[in-house]
Enquirer: 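After the structure tokens below, expect a handful of questions from me.
When a ligand or atom number is given, it counts from 1 through the structure's own listing order. What you see below is based on every heavy atom in this structure, not just the backbone, and it leaves out hydrogens, waters and symmetry mates. As the structure is a computational prediction, the values presented were derived from the model and not from experiment.
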Amino acid sequence: MIYLDNAATANPKAPGVGEAMAQSLGTYNGNPGHGGHRLAVRTTLAVYAARAALAHLLGVADPSRLCFTSGATAALNQAIAGSLPGPGHVICSTWEHNAVLRPLWDWQRRTGGRVTVLPAAGEAPLSPDDVLAAIRPDTILIVLTAASNVTGAICPVVEVGEIARTRGIRFLVDGAQTAGHIPLHLDTLPIDLWACPGHKGLLGPQGVGLLYVRRGTELQPLLLGGAGFDSERQEPPEETPERFEAGTLNTPGILGLGAAAEHLLTTGIEATRAREVELQAAIQEGLRRIRGVRLYTASDPGAGVGVVSFTIDGWNAAAAAESLDRDFDICARAGLHCAPLAHRALGTLPDGTVRFSAGPATTDAEIAAAVEAVSHLAAHPDTAGLRQATSRA
Ligand SMILES: Cc1ncc(COP(=O)(O)O)c(C=O)c1O
């Protein structure tokens, strides 16, 4: 099988992830932070070690600023809802995932707040000047994805963060498509809140993610419950990470993610990035040569993460992905990729695109085979499938 859906979830995971998860069900099967006996303490220390490895990887000096969540969606919901107690104005971009858009639209409906979605022209990432122009006296929050999960284009996070910082506006970054892809030093970036999943570029398991909360960022916790200490207090703890980690943690997921972080610390994200740019260039070059294939991606491979969206003339995106799977043993994602506004900007509604996303384990031969498969599809339009889709529409 050729797996080209790493933007949805990395496959395979980093070496050692499965073993660490299995160990957590035996050697580390106490309740971390909730108990004083040997097994609980040993598990607490193992969770701390995983947090410290991730902090090291992400350039965070104080590991307690990294809070474990169930994924990027949970971290983004926490960051958005916890930053917006009442109405106001929020800026985001066309490239946002529904994990950002839906919480913002929900907030807008409930409070009468306003969301400005900065439009994009084609594949171009948003411009910092547009952000500057959109700021209003009541702007409380700017949310930006670090890279589009549709085109792979990297967004100008540092420039926008500097604007936000100068204006005293909170800045939240969705790092879902850049964590583990691009070397990061979160403490030195002009970012207040940063969210990511553990299961994509960080090569960890599903069901665990991270929220980075810069010291001094006031954030209301969404989930309230036991912290394992100060139980007589009616309010949740003030300190991170416990403020945002109510209840029992996902220890198997966290220890698996810790093992993935150790792996990335050994191999180096710089090396992963160099290989990703190579693969991205090979996919783009191959697909651009095929008549009838349209690419929606950052044209310079160095300006994007390893994501290429495309359409094939004569093929509905879902049918093309189905054929790639069935006839060529290639796993690719098709559709809107939970980013409807991106497809509106690209003109690819309602069917969306086919998306190839390589990972560190992808080989040159696999890319060549995938390009060959797309070339075959382009030469054999799916007329029956298109007729069916048209009659359904
Ligand atoms: C840009 C972006 N943000 C957020 C998410 C949500 O991540 P998760 O489903 O792991 O919570 C994704 C997942 O595809 C994504 O690509």
Enquirer: Considering T145, D174, N98, T69 one by one, which has a heavy atom nearer to atom 3 (N) of ligand 1 than any of the others?
Expert: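 Going through T145, D174, N98, T69 one by one, D174 has the nearest heavy atom to atom 3 (N) of ligand 1.
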Enquirer: Looking at the rings of H337 and H97, which for Trp means the six-membered one, are their centres under 6.0 Å apart?
Expert: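 Distance test on ring centres: not under 6.0 Å, no.
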Enquirer: Nearest heavy atom to atom 14 (O) of ligand 1 wins, so pick from R333, K200, H337.
Expert: K200
Enquirer: Considering V307, T178, T73 one by one, which has a heavy atom nearer to atom 11 (O) of ligand 1 than any of the others?
Expert: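 The nearest heavy atom belongs to T73.
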Enquirer: Just to confirm my output: which protein heavy-atom neighbour is closest to atom 7 (O) of ligand 1, and how far is it?
Expert: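 Looking only at protein heavy atoms, the one closest to atom 7 (O) of ligand 1 is A72 CB, 3.5 Å.
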Enquirer: Identify the two heavy atoms, one from G201 and one from L264, that lie closest to each other, and give their separation to 0.1 Å.
Expert: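 Heavy-atom minimum between the residues: O-CD1, 3.9 Å.
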Enquirer: Any ring-ring contact (aromatic ring centres under 6.0 Å, His included) involving residues 291-314? Give me the pairs, sequence neighbours left out, ordered by first then second residue.
Expert: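 Sorted pair list: F310-F356.
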Enquirer: Considering only heavy atoms of P197, which atoms of ligand 1 have at least one such atom less than 4.0 Å away?
Expert: 10 (O)
Enquirer: Quick check: does any side chain N or O of T43 sit under 3.5 Å from a backbone N or O of G30, one acting as donor and the other as acceptor?
Expert: yes
Enquirer: Got a sec, which residues hit side chain to side chain contact (heavy atoms under 4.5 Å, CB included) with A369, two or more places apart in sequence or on another chain?
Expert: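 Partners of A369 under the side chain to side chain contact (heavy atoms under 4.5 Å, CB included) test: I2.
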Enquirer: I need the nearest protein heavy-atom contact for atom 16 (O) of ligand 1: residue, atom name and distance, please.
Expert: Q177 NE2, 2.8 Å
Enquirer: Taking atom CD of E218 as the centre, does the number of heavy atoms from other residues, nucleotides or ligands within less than 6.0 Å exceed 12?
Expert: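 At most 12 heavy atoms, drawn from other residues, nucleotides or ligands, come within 6.0 Å of this atom.
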Enquirer: Above 12 or not: heavy atoms from other molecules or residues under 6.0 Å from CZ of R275?
Expert: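 Result for CZ/R275: enclosed.
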Enquirer: Numbering the atoms of ligand 1 from 1, which are under 4.0 Å from a heavy atom of H199?
Expert: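 So the atoms of ligand 1 that pass are 10 (O).
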Enquirer: Look at atom 15 (C) of ligand 1 and say which protein heavy atom is nearest, naming residue and atom and giving the distance to 0.1 Å.
Expert: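 Of every protein heavy atom, H97 CD2, 3.3 Å lies nearest to atom 15 (C) of ligand 1.
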Enquirer: Under 4.0 Å from a heavy atom of N149: which atoms of ligand 1 are those, numbered in the order shown and with their elements?
Expert: 16 (O)
Enquirer: Say whether E96 and ligand 1 are in contact under the criterion: heavy-atom distance to a ligand atom below 4.0 Å.
Expert: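 Judged by the 4.0 Å heavy-atom criterion, E96 does not count as contacting ligand 1.
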Enquirer: Just to be sure I read this right, does ligand 1 sit under 4.0 Å from the backbone of A176, its side chain, both, or neither, counting only heavy atoms?
Expert: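 A176 to ligand 1: side-chain contact only, backbone stays beyond 4.0 Å.
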Enquirer: Please check if the distance between the ring centroids of F328 and H376 is under 6.0 Å.
Expert: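 Yes, ring centres under 6.0 Å apart.
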